[in-house]
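Structure record follows, encoded as structure tokens.
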Amino acid sequence: MNQEKRIIAGVYHVSRGLGKHFSLEDINLQVANGEFVFLVGPSGAGKSTLLKLMYMDDFPDKGQVVVGQFVSTRMKRKSIPDLRRKIGIIFQDFRLLEDRTVFENVALAMKVTGAGMPEIKKQITDILTRVGLYHKRYDYPPALSGGEQQRVAIARAVANRPAILFADEPTGNLDPVATKNILELLFKINAGGTAVLMATHDIELVRSFGQRIIYLEEGRVALDKEMIFVGDIRDRIGGSSVSESASRLSEYDITGGEEE
Amino acid sequence: MKPGELRYIWHESTGMLWRRKVPNLISVIIMALSLLILITFLAVTLNIASLIEKTSEELRVYVYLDDGVSGELSRDIQIRLMSEQGVDEVAYISKEEALEDFRETLGENSELLNAVEQNPLPDSYRIRMKQEYIRSGVLEAMAGRVGQWEGVEEVVYGRKWFERGEKLVRSFYMIDLVLGLIVFLSVVFVISNTVRLTILGSSRTIEILKLVGATNTYIQIPFILEGALQGVVSSLLAIGMLAIIHRFTLQYLPGVAFIRVDAIAVFVVLCAVIGALGSMAALRRFLKM
């Protein structure tokens, strides 16, 4: 972890729903400004639960979550919309409004902040061009492919120029080509300075990027390091400090399962 | 809240109404039909009530005088009657006038009266009571008092008929009130439930709005306006349907009254409030308030 960088999102000794299926126990992790982090782990490991705590759709039983100036233990419900405007969130199922055009879907994120219409038009033209969907701005989501819908969702997520983007299995519903495109887009956004925390159960997907990987298993952080996998994943994961998780990883079914 | 936000909330509201025109239309029809039941009930009640009032207004108390009462005593009785509480108007009916009236009442059979040599009818006073004093207790007390007076033979107002009618009216209002309450509560239930269902259908929209950082106000206002508008449109629709029914009824029952304009206004406002409150109640769940 880069200590010299400013932490944009941090989770400190967080526990949630102990004894339940999607439980988390004493989780610690920090994401620095401009960092790209993969949050990997099998289905049911608690990835979505952890992300929910970070965009404060849920709150921890123990510990605290800090995102920007927002602190979970001192958070008022009223300021949740403020937080949401300063972060971006995307999901496996895109969560677009199917009865609104691509433009209106992206504009929504800016409209709720009360931004002026000229500003919205300029910004959205720019973003839609960057995600390569400006020519489809008047289309409705059902007319788009999965990859295109996810790009609309990404455009909406970054419309307010967030400092961090949370991505919960963003490629879970996509074919390999669309998956590659979305990942490239996320890297591009990251290169622009936005930190990205992307949850995925697909370890094969992340193995070749050399990014920081946080491996979550049974509600605990089993591994947190920057790495490149060469060859078979089962030969590479682990090391002296994570021998325990490495042995568990060897049983890890990389085909994964249904996302929670 | 920025002024820009307010404008978007307005756009959001109108846009939502348009996008959800089909479910909204269905809701409005369901609500209008149940409201129609309520206002039809109301109209029937009001008509029966005014019928009862009119009938009781026609009640007259007759004070029959003894045979051969002097003019002085008769006038004295009239003055005393005028000062009785609740008396609105006192009219003198001489025995000749009474006979003439009787003859008219008999019509074709009036020659029967020719068989009678003497006029058997007494002089009398016909009293019209003020509306609020037409109650069996008041009438009975007055009849008792006046019946004691010198020169008064009998006081008649159809006591048995009147008391029975009064009892009937009282039980009618009781049953009407209970039924009205049941109908009203069911209508409130139907409206709030219908509004709730349309909101349930938008749970995804609400979730997405929250996701992108919309405030509760931003999310709520369109739904509350929608609920209120549903209330207004459905109540106007119900009134329209009742107007058609009313016109149709007039052919068979002339004189049947429609609901008064001020009552209509209250009704429409009430429906708007119920619609808005229904929306708010349904939203509470989604917005964790």
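All chains are named by letter (A, B, ...) in the order of the sequence lines, taking the proteins before the strands, and each is independently numbered beginning at 1.
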What's the spacing between A:Asn105 CG and B:Ile208 CD1 if we round to 0.5 Å? 7.0 Å

Find the distance between CZ (B:Arg7) and NZ (A:Lys111) and round it off to the nearest 0.5 Å. 9.0 Å

Just by distance, do the side chain of A:Arg84 and the backbone of B:Lys210 share a donor-acceptor pair under 3.5 Å? yes

With a 6.0 Å cut-off (strictly less than), is the heavy-atom count around NZ of A:Lys121, excluding the residue itself, greater than 12? no

Under 3.5 Å, is there a donor-acceptor pair between the side chain of B:Tyr8 and the main chain of A:Thr113? no

Only one of B:Thr215, B:Val212, B:Ile219 clears side-chain contact (heavy atoms from CB on, under 4.5 Å) with A:Val112; which? B:Val212

For B:Leu211, is it the side chain, the backbone, both or neither that has a heavy atom under 4.5 Å from a heavy atom of chain A? both

A:Glu148: partners by side-chain contact (heavy atoms from CB on, under 4.5 Å), with sequence neighbours left out: A:Leu133, A:Lys136, A:Leu144, A:Ser145, A:Arg151

When rounded to the nearest 0.5 angstrom, what is the spacing between CZ in B:Arg204 and CG in A:Asp93? 5.0 Å

Please classify the contact of A:Ile90 with chain B as side chain, backbone, both or neither, using a heavy-atom distance under 4.5 Å. neither

CD/B:Gln85: more than 12 non-hydrogen atoms of other groups inside 6.0 Å: no

What part of A:Ile80 gets closer than 4.5 Å to chain B, counting heavy atoms only: side chain, backbone, both or neither? neither

How far apart are the closest heavy atoms of A:Pro81 and B:Gly213, and which atoms are they? CB-O, 3.4 Å

Among residues at least two apart in sequence or on other chains, which ones pass salt bridge (charged side-chain N to carboxylate O under 4.0 Å, His left out) with A:Arg100? B:Glu12

Check each atom of A:Phe91 against the heavy atoms of chain B and say whether the ones under 4.5 Å are side chain, backbone, both or neither. side chain

Atom CZ of B:Phe189 with >12 non-hydrogen neighbours under 6.0 angstrom: no

